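See structure below.
Here the structure is a predicted model, which means the values were calculated and not measured.
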Amino acid sequence: MLSHPTAAITVDAELFAPSGALADTRGRLLRDLRISVIDRCNFRCTYCMPKSVFDKDYQFLPKSELLSFEEITRMTRLFAAHGVNKIRLTGGEPLLRKNLEVLIEMLAALKTHDGKALDLTLTTNASLLAKKAKALKAAGLQRVTVSLDSLDETVFRAMNDVDFSVADVLKGIAAAHDAGFALIKINMVVKKGVNDQDIVAMARRFKGSGHIVRFIEFMDVGTSNGWRMDDVVPSAEIVRMISAEMPLIEAEPNYTGEVAERWAYADGSGEIGVISSVTQAFCSTCTRARLSTEGKLYTCLFAQSGHDLRALMRSGKSDEQIAAAIGLIWNQREDRYSEIRTEETARTKKIEMSYIGG
């Protein structure tokens with residue numbers, strides 16, 4: 001198993017009492033928590049978990065090192081007290097976590113700092129979504145995001161590298177819709193020379209469906225995907241390609257800090273999103289923290305180290321002490337990786353996306 005650096009946490013500092021308005025050094029509030037519930041995945045996507053690294057001998061975390069559902073719920077409650085109102089469950093592939101609907105039911109019972117329901121979402125490759133969609137909805141999951149990098153069978157099978165078909169992903173999306181998930185987002189990571197020829201086809205396929213396709217610039221997350229700037233298709237080019245066939249109009253963001261830039265179809269038949277971490281960094285409005293599978297807190301997707309919150313829980317620290325640690329960590333946050341990214345920084349060793357979540 002690869003080691004994951006951990007930064008020291010001070011719990012005896014002046015308490016950061018949860019106030020619902022915790023800000024970092026740049027004034028960015030803590031609003032979103034992404035929780036990786038498992039480090040395993042049944043895909044071997046070339047930009048995330050390439051077989052050259054994640055082969056049959058790769059040692060994933062033993063079950064004892066994963067946060068339990070009770071630990072995840074406790075941590076979520078403390079983050080909500082600090083102002084988090086959106087929870088996204090990720091992985092790896094989160095639906096591989098046994099009885100995930102039990103965790104969702106536990107999280108759905110929690111409230112935000114001002115007493116509202118948490119915005120509870122999940123990102124999945126949809127390989128198990130057709131089987132689990134109804135149970136997820138019944139447990140209280142509100143929204144689903146599905147990863148689908150091409151509608152071309154040959155391209156998609158090559159990218160997921162386990163011969164999983166487009167048709168089965170589409171079945172998962174249909175099952176989620178039938179289960180009552182009204183707004184489904186489809187994420188397409190675009191890599192030049194690999195699947196960029198499928199951009200317009202993807203937009204056309206979901207135009208008018210009520211679902212939103214989000215085109216994501218190929219990013220240097222982790223150190224296993226061989227990222228190069230030459231592989232990036234700028235989001236501005238993606239918008240231009242789609243708009244040339246299906247005219248687009250720029251739309252206002254739904255909220256401050258929204259990851260995707262919104263573009264609506266001029267004929268009113270829906271919208272797309274583009275996520276431009278490489279060419280149009282949005283660090284200045286980033287409100288996201290990430291909790292890894294084994295309970296380490298990361299304050300940036302491109303982080304090199306995390307803070308071990310699981311150790312605090314399992315050593316008997318009180319809620320007040322753990323809340324103070326969370327407050328101290330976020331209050332000292334300075335991250336702005338995408339604003340200072342260069343070919344050189346892109347080669348620095350970073351936590352893999354399959355471990356920290358997307």
Side-chain angles (χ1 to χ4, degrees), residues 34-49 54 87-105 107-108 119-190 195 198-199 201-216 259-260 270-273 275 353-354 357-358:
R34 302 190 173 193
I35 304 172
S36 177
V37 297
I38 192 168
D39 60 332
R40 300 171 186 265
C41 186
N42 51 353
F43 282 14
R44 286 297 176 267
C45 295
T46 52
Y47 58 82
C48 181
M49 295 182 71
F54 298 89
I87 302 295
R88 179 175 296 279
L89 301 181
T90 69
E93 169 47 47
L95 296 186
L96 291 177
R97 183 73 184 258
K98 187 177 180 181
N99 299 321
L100 185 66
E101 59 273 18
V102 174
L103 172 62
I104 291 171
E105 188 171 6
L107 296 178
D119 183 7
L120 189 54
T121 71
L122 177 143
T123 296
T124 175
N125 62 26
S127 59
L128 299 172
L129 189 55
K131 296 179 180 179
K132 293 179 174 284
K134 288 184 179 179
L136 296 172
K137 181 65 175 177
L141 188 68
Q142 297 168 1
R143 293 185 291 110
V144 172
T145 297
V146 173
S147 298
L148 177 60
D149 294 324
S150 177
L151 292 170
D152 181 283
E153 283 288 352
T154 300
V155 173
F156 182 62
R157 289 174 188 265
M159 290 188 74
N160 67 57
D161 209 14
V162 293
D163 211 31
F164 196 82
S165 74
V166 173
D168 286 335
V169 176
L170 295 177
K171 287 178 183 177
I173 293 172
H177 178 76
D178 292 344
F181 291 102
L183 177 60
I184 299 171
K185 295 178 180 177
I186 295 94
N187 283 352
M188 176 181 178
V189 174
V190 180
N195 64 338
D198 302 325
I199 290 170
M202 182 71 76
R204 187 187 305 113
R205 169 64 176 77
F206 291 101
K207 182 176 184 287
S209 68
H211 308 327
I212 300 174
V213 181
R214 302 193 302 179
F215 299 90
I216 304 172
V259 172
E271 66 180 79
I272 66 163
I275 298 177
M353 185 163 61
S354 57

Next item on the list: Taking all non-hydrogen atoms of both residues into account, name the closest pair between Ile173 and Ile184 and its distance.
Entry: O-CD1, 3.6 Å

Check: Quick one: does Arg34's side chain get under 4.5 Å of Thr123's, heavy atoms only?
Finding: no

Notebook entry, point to check: Which value, rounded to the nearest 0.5 Å, describes the distance between Met159 atom CE and Asp152 atom CG?
Noted result: 11.0 Å

Notebook entry, point to check: Are the side chain of Glu93 and the backbone N or O of Asn125 linked by a donor-acceptor pair below 3.5 Å?
Noted result: yes

Next item on the list: Please determine which of Thr145, Ile35, Asp119 meets the side chain to side chain contact (heavy atoms under 4.5 Å, CB included) test together with Arg88.
Entry: Thr145

Item checked: side chain to side chain donor-acceptor pair (under 3.5 Å) between Asn195 and Ser150, worked out -> CA-CA 6 Å; Asn195 64 338; Ser150 177; 6.0 Å; no

Notebook entry, point to check: Does Lys185 offer a backbone N or O that forms a donor-acceptor pair with the side chain of Arg214 under 3.5 Å?
Noted result: no

Checklist line | Ile199 and Val190, any side-chain heavy atoms less than 4.5 Å apart | finding: yes

Next item on the list: Can you measure from CD1 (Ile87) to CD1 (Ile104) and round to the nearest 0.5 angstrom?
Entry: 12.0 Å

Check: Between Phe43 and Asn160, what is the shortest heavy-atom contact and its length?
Finding: CD2-CB, 3.7 Å

Notebook entry, point to check: Considering all heavy atoms of both residues, which atom of Ser147 and which atom of Val169 are nearest to each other, and what is their separation?
Noted result: O-CG1, 4.2 Å

Notebook entry, point to check: Aromatic rings His211 and Phe206: how do their planes relate, parallel, tilted or perpendicular, breaks at 30° and 60°?
Noted result: tilted

Note to self: Give me the atom names and distance for the closest heavy-atom approach of Thr124 to Leu129.
What the structure shows: CG2-CD2, 4.2 Å

Item checked: Approximate separation, where rounding is to 0.5 Å, of Ile186 CD1 and Arg205 CZ -> 8.5 Å

Checklist line | Heavy-atom neighbours of Glu105 CD exceed 12 at 6.0 Å | finding: no

Next item on the list: Locate the shortest heavy-atom distance separating Phe54 from Arg44; write the atom from each residue and the value.
Entry: O-NE, 2.9 Å

Check: Where is the tightest heavy-atom contact between Gly210 and Leu183, given as atom of each residue plus distance?
Finding: O-CD1, 3.8 Å

Notebook entry, point to check: Has the side chain of Asp149 got a donor or acceptor atom that lies under 3.5 Å from a matching backbone atom of Val189?
Noted result: yes

Checklist line | Test item: Glu271 side-chain N/O and Ile212 main-chain N/O as donor-acceptor pair under 3.5 Å | finding: no

Note to self: If you define the side chain from C-beta out and look only at heavy atoms, does anything of Leu89 sit under 4.5 Å from Leu107?
What the structure shows: yes

Check: Around Lys134, counting heavy atoms of other residues, nucleotides and ligands shown, do more than 12 lie under 6.0 Å from its NZ?
Finding: no

Check: Should Phe156 and Asp198 be marked as a side chain to side chain contact (heavy atoms under 4.5 Å, CB included) after you check the CA-CA gap, both sets of side-chain angles, and the distance that decides it?
Finding: CA-CA 10 Å; Phe156 182 62; Asp198 302 325; over 6 Å; no

Checklist line | Leu100/Leu122 under side chain to side chain contact (heavy atoms under 4.5 Å, CB included): CA gap, chis, key distance, verdict | finding: CA-CA 11 Å; Leu100 185 66; Leu122 177 143; 3.5 Å; yes

Item checked: Validation row: Leu95, Ser127 side chains within 4.5 angstrom (heavy atoms) -> no

Check: Where do Met202 and Leu148 land on the side chain to side chain contact (heavy atoms under 4.5 Å, CB included) test, with the steps shown first?
Finding: CA-CA 9 Å; Met202 182 71 76; Leu148 177 60; 3.9 Å; yes

Note to self: Donor-acceptor check, side chain of Asn99 to backbone of Val102, threshold 3.5 angstrom: yes or no?
What the structure shows: no

